[in-house]
Protein chains: 2
Amino acid sequence: MLLKVLNGQPCCGLAAEPLADDRASLLALKFKALGDPVRLRLVALIASTAEVCVCDLVPAFALSGPTISHHLKVLRQAGLVDCERRGTWVYYHVLPEALGELKALL
Amino acid sequence: MLLKVLNGQPCCGLAAEPLADDRASLLALKFKALGDPVRLRLVALIASTAEVCVCDLVPAFALSGPTISHHLKVLRQAGLVDCERRGTWVYYHVLPEALGELKALL
DNA sequence: CTTCTATTTCGACATGTGTCAAGATAGGGG
DNA sequence: CCCCTATCTTGACACATGTCGAAATAGAAG
């Protein structure tokens, strides 16, 4: 039984490490955050510019403000995005290191 | 408002495309499949060798056979892995194109 | 201070998800 | 044909999740 990574065909970063339980949970949290169409589109919108105001995100969906706020919170808690308040408005930006961590596994 | 991809700093593939609704749903399905610690470890195990027998996967977890079978089904339906029956045993392997599709977005 | 807007939190509800035990299915070997 | 093992399916249950409206909070500006 030969490791794929030794075959010259490492199919992905996941193939390399045995992936301990606690690390798997942390990573799964991030993948799960991306595992919703609304949140995926949110990340795409946020990533497409340096930062995006929530007031620009809400009208991009046929969903209530609280629902968008909830999804943004999930993304924040997963460590994929962060936000900054400036006056009345809140601006979101992606955390590229977090996306890079996932990318390294695929 | 300048696109990040034009800044010389494309943070990820997601930043490039507007990501339509139906495509987002398909992609989210795959991310969601990875969004569980057990399934993430399953993929890691399956990816680490050319193929893995279910009978080798089950004892790697403190979970019942049906539960592992359920998770494998989720991964199959997401298009991340596929399986082949040979006699009594069923062997799983990853579908690298599917992982690559996700990788391209991050 | 009061009021207005932007954003989040709370409470409620329907639906989805992870898990197991029990039963069904598939194939190999007496 | 019958049994044995491997795997999957079914049914049930507790728990998590996505959604909304209503209410709370944060600032800005009268």
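Since this is a predicted model, take the numbers as computed values, not measurements.
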Next item on the list: Quick one: pull up CD in B/E17 and OG in A/S48 and give me the separation to the nearest 0.5 Å.
Entry: 11.5 Å
Next item on the list: Return no unless some side-chain N or O of B/K32 is found under 4.0 Å from OP1 or OP2 of D/dT17.
Entry: no
Note to self: Quick check with a 6.0 Å cut-off and a 45 degree axis cone: is B/R85 positioned over the face of B/Y91's six-membered ring?
What the structure shows: no
Item checked: Distance, nearest 0.5 Å, that separates CZ of B/R76 from OH of B/Y92 -> 3.5 Å
Margin query: Without decimals, in angstroms, what is the distance between B/E84 CD and D/dT7 C1'?
Written below: 15 Å
Next item on the list: Write down the distance between CG (B/L72) and P (D/dA6), rounded to a whole number of angstrom.
Entry: 16 Å
Item checked: Protein-to-nucleotide contact annotation, 5' to 3' order, nucleotides 19-30 of chain D [B base; S sugar-phosphate only; - none; under 4.0 Å, heavy atom] -> BBBB----SS--
Next item on the list: Identify whether the distance between the nearest side-chain nitrogen and carboxylate oxygen of A/E51 and A/R86 falls below 4.0 Å.
Entry: yes
Notebook entry, point to check: Are A/L19 and B/F61 in one and the same hydrophobic cluster, where Ile, Leu, Val, Met, Phe, Trp and Tyr link if side-chain heavy atoms are under 4.5 Å apart?
Noted result: yes
Item checked: the helix from C/dC1-D/dG30 to C/dG30-D/dC1: angle between end helix axes, five pairs per end, rounded to 10 degrees -> 10°
Note to self: Nearest whole Å is fine: how far is D/dA16 P from A/L29 CG?
What the structure shows: 14 Å
Check: Which whole-number value in Å describes the distance from A/L34 CG to D/dT17 P?
Finding: 15 Å
Checklist line | Residue B/V90, side-chain atoms from C-beta onward, closest of C/dT9, D/dA6, D/dC8 | finding: D/dC8
Notebook entry, point to check: Taking only side-chain nitrogens and oxygens of B/K73, does any of them come within less than 4.0 Å of OP1 or OP2 of D/dT9?
Noted result: yes
Notebook entry, point to check: CG/B/L80 to CG/B/L75 distance, rounded to the nearest 0.5 angstrom?
Noted result: 6.0 Å
Check: Whole Å only: how far is the CG atom of A/D56 from the P atom of C/dA6?
Finding: 11 Å
Check: Between atom SG of A/C11 and atom NE2 of B/H93, what is the distance when rounded to the nearest 0.5 Å?
Finding: 11.0 Å
Next item on the list: State, with a plain yes or no, whether a side-chain heavy atom of A/K32 is found less than 4.5 Å away from one of B/K32.
Entry: no
Next item on the list: Quickly work out the B/Q77 CD to C/dT17 P distance and round it to whole Å.
Entry: 11 Å
Next item on the list: Output all residues satisfying side chain to side chain contact (heavy atoms under 4.5 Å, CB included) with B/P66, sequence neighbours left out; order by chain, then residue number.
Entry: B/S64
Notebook entry, point to check: Rounded to the nearest Å, what distance is computed from the CZ atom of residue B/F61 to the P atom of nucleotide C/dG18?
Noted result: 14 Å
Margin query: Does a side-chain N or O of B/Y92 approach OP1 or OP2 of D/dC8 to a distance below 4.0 Å, or not?
Written below: yes
